[in-house]
Amino acid sequence: MKLLVTGGAGFIGSAVVRLAIARGHQVVNLDALTYAACLENVAEAAQSPLYAFEQADIRDRAALDRIFAAHQPDVVMHLAAESHVDRSIDGPGDFISTNVTGTYTMLEAARAYWLARDKPEAFRFHHISTDEVFGSLGATGQFTEETPYDPRSPYSASKAASDHLVRAWAETYGLPVVLTNCSNNYGPFHFPEKLIPVVILNALAGKPLPIYGDGSNVRDWLYVEDHADALLLVVEKGALGRSYNIGGENERSNLELVKTLCAILDEKRPKASGSYADQITFVTDRPGHDARYAIDPKRIREELGWRPSVTVEEGLARTVQWYLDNEAWWRPLQARAGVGQRLGTKA
Ligand SMILES: NC(=O)c1ccc[n+]([C@@H]2O[C@H](COP(=O)([O-])OP(=O)(O)OC[C@H]3O[C@@H](n4cnc5c(N)ncnc54)[C@H](O)[C@@H]3O)[C@@H](O)[C@H]2O)c1
């Protein structure tokens, strides 16, 4: 199968690219290379004759038309997006532009390509989205595919809008789509502005480990390689027009998560004295910080037979080891704009 993957130089997109190439698929990686991109994430896959790269912006219709015509993909996996909630609070414009207008432009380019080829039956536009579109849960309950949308941050609102566009293009134009909404990902190549890498790298640098609010916010952690596996399964076998929630079945509060990371670091790279947990520092909460996300993964489990393969403890241990072994990857990224600074306070 030939996949056109947007955002393939980002965190999740690069995991999809690596896995797809390893499984013998052809991949065209389309990425604008924003601050969040890193082509080293796909350096090994890029050696393969199955791999091609196109630097392009998903808002650039002419570039998209050229890329579709040149590569003739069988399916599209659309991951390119602005993805950091804190940045969406300080500067929502980029999120509306890329996530909403960019998805619209992708849909129109994909539709024109699909029509020009006489609507190939196997064509799919797979839109990758987030559980954040469903809003915030209380102490109990889980998001199902039927949960009404209730986004609460500029990021999640822009992703919700993009999901609506994808469904509208399916209903109105018959574009063959599948959608997925996943929980928080973590793992190798996670950009060092997100919670888990920030905690690991600040711990190693002897800096405070910032916890927003009281650390009680709960997330359902999904190992990125498990997610990539689920995405390839959905694009190949997912029912037309259907959406699938993908979760890690690993709920943890932020405080529990950070304490687990500290315990792993204490074992793998002990400090001269004390624990990394001594560096935990509570900071002002994120405005509108959703209390809890949890995914009910019943549909993807029962219909497609998918389950996450690693527990959060295993996944975090692998992730910590990866950051210990890959300083050459993360060190230069810490110099990029905004990384290492407290963002998302301009509400
Ligand atoms: N990270 C998570 O935990 C998570 C959870 C749920 C859903 N998602 C969704 O998964 C997708 C990938 O997330 P991620 O964490 O890998 O993001 P990321 O920020 O790591 O990567 C995004 C990639 O998209 C590219 N990009 C951004 N704007 C672009 C544009 N206008 N044109 C072309 N390329 C552009 C960037 O250069 C980057 O390589 C996103 O759609 C995100 O909403 C992520």
Side-chain angles (χ1 to χ4, degrees), residues 4-18 28-42 53-61 63-64 67 76-88 93-106 109 126-134 143 151 153-163 166 179-197 219-228 230-231 243-248 250 290 293 295 315 319 333 336 338-339:
L4 175 62
V5 178
T6 73
F11 170 47
I12 302 172
S14 67
V16 170
V17 169
R18 294 191 301 270
V28 181
N29 177 5
L30 186 166
D31 200 297
L33 301 183
T34 70
Y35 82 96
C38 192
L39 279 175
E40 276 130 75
N41 299 7
V42 290
F53 176 67
E54 291 279 2
Q55 183 170 0
D57 194 304
I58 55 166
R59 294 163 293 187
D60 181 346
R61 176 65 193 274
L64 298 183
I67 291 165
V76 175
M77 298 179 78
H78 176 42
L79 296 103
E82 290 290 340
S83 71
H84 190 32
V85 176
D86 286 343
R87 288 186 190 257
S88 84
D94 285 346
F95 287 71
I96 304 305
S97 174
T98 285
N99 299 357
V100 184
T101 308
T103 299
Y104 155 73
T105 313
M106 277 298 300
H126 179 180
H127 179 62
I128 285 82
S129 190
T130 167
D131 60 355
E132 301 189 28
V133 299
F134 299 121
F143 299 132
S153 74
Y155 164 68
S156 55
S158 70
K159 291 297 291 187
S162 68
D163 294 11
V166 172
L179 296 92
T180 48
N181 295 81
C182 69
S183 57
N184 281 49
N185 282 225
Y186 70 100
F189 301 103
H190 206 180
F191 194 73
E193 66 179 353
K194 302 278 173 81
L195 177 65
I196 289 177
R219 301 292 181 260
D220 177 359
W221 292 96
L222 172 62
Y223 193 60
V224 69
E225 290 170 8
D226 274 343
H227 185 206
L231 293 178
S243 75
Y244 298 87
N245 283 359
I246 308 172
N250 279 307
D290 289 341
Y293 305 138
I295 289 258
T319 304
L333 300 180
R336 292 199 183 171
V339 178

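Ligands are counted one by one from 1 in listed order, and the atoms in each one are counted from 1 as well. Note that the structure is a prediction, hence the values are computed from the model and not measured.
Using a 4.5 Å heavy-atom threshold, the side chains of L30 and I67 count as touching.
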Does ligand 1 have any N/O atom under 3.5 Å from a protein N/O, and what are those pairs and their distances?
unit_1	atom_1	unit_2	atom_2	d
ligand 1	3 (O)	N185	N	2.8
ligand 1	16 (O)	F11	N	3.2
ligand 1	16 (O)	I12	N	2.7
ligand 1	17 (O)	S83	OG	3.3
ligand 1	19 (O)	S83	OG	2.7
ligand 1	20 (O)	F11	N	3.0
ligand 1	31 (N)	D57	OD1	3.0
ligand 1	31 (N)	T98	OG1	3.3
ligand 1	32 (N)	I58	N	2.9
ligand 1	34 (N)	A32	N	3.1
ligand 1	37 (O)	D31	OD1	2.6
ligand 1	37 (O)	T34	N	3.0
ligand 1	37 (O)	T34	OG1	3.1
ligand 1	39 (O)	G10	N	3.0
ligand 1	39 (O)	D31	OD1	3.2
ligand 1	39 (O)	D31	OD2	2.6
ligand 1	41 (O)	L79	O	2.9
ligand 1	41 (O)	K159	NZ	2.6
ligand 1	43 (O)	Y155	OH	2.6
ligand 1	43 (O)	K159	NZ	3.1

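T319 pairs by the side-chain contact (heavy atoms from CB on, under 4.5 Å) definition with Y186, I196, I200, Y223, Y323, not counting sequence neighbours. Listed by chain and residue number, Y35, H84, F95, E193, V339, L343 satisfy the side-chain contact (heavy atoms from CB on, under 4.5 Å) test with R87 (two or more places apart in sequence, or in another chain).
For residues 30-41, no residue pair satisfies the salt bridge (Lys or Arg N to Asp or Glu O under 4.0 Å) rule, not counting sequence neighbours.
Between the side chain of N250 and the main chain of G248, a donor-acceptor pair closer than 3.5 Å is present. Of the possible donor and acceptor atoms, none in the side chain of N99 sits under 3.5 Å from a partner among the backbone N and O of S158.
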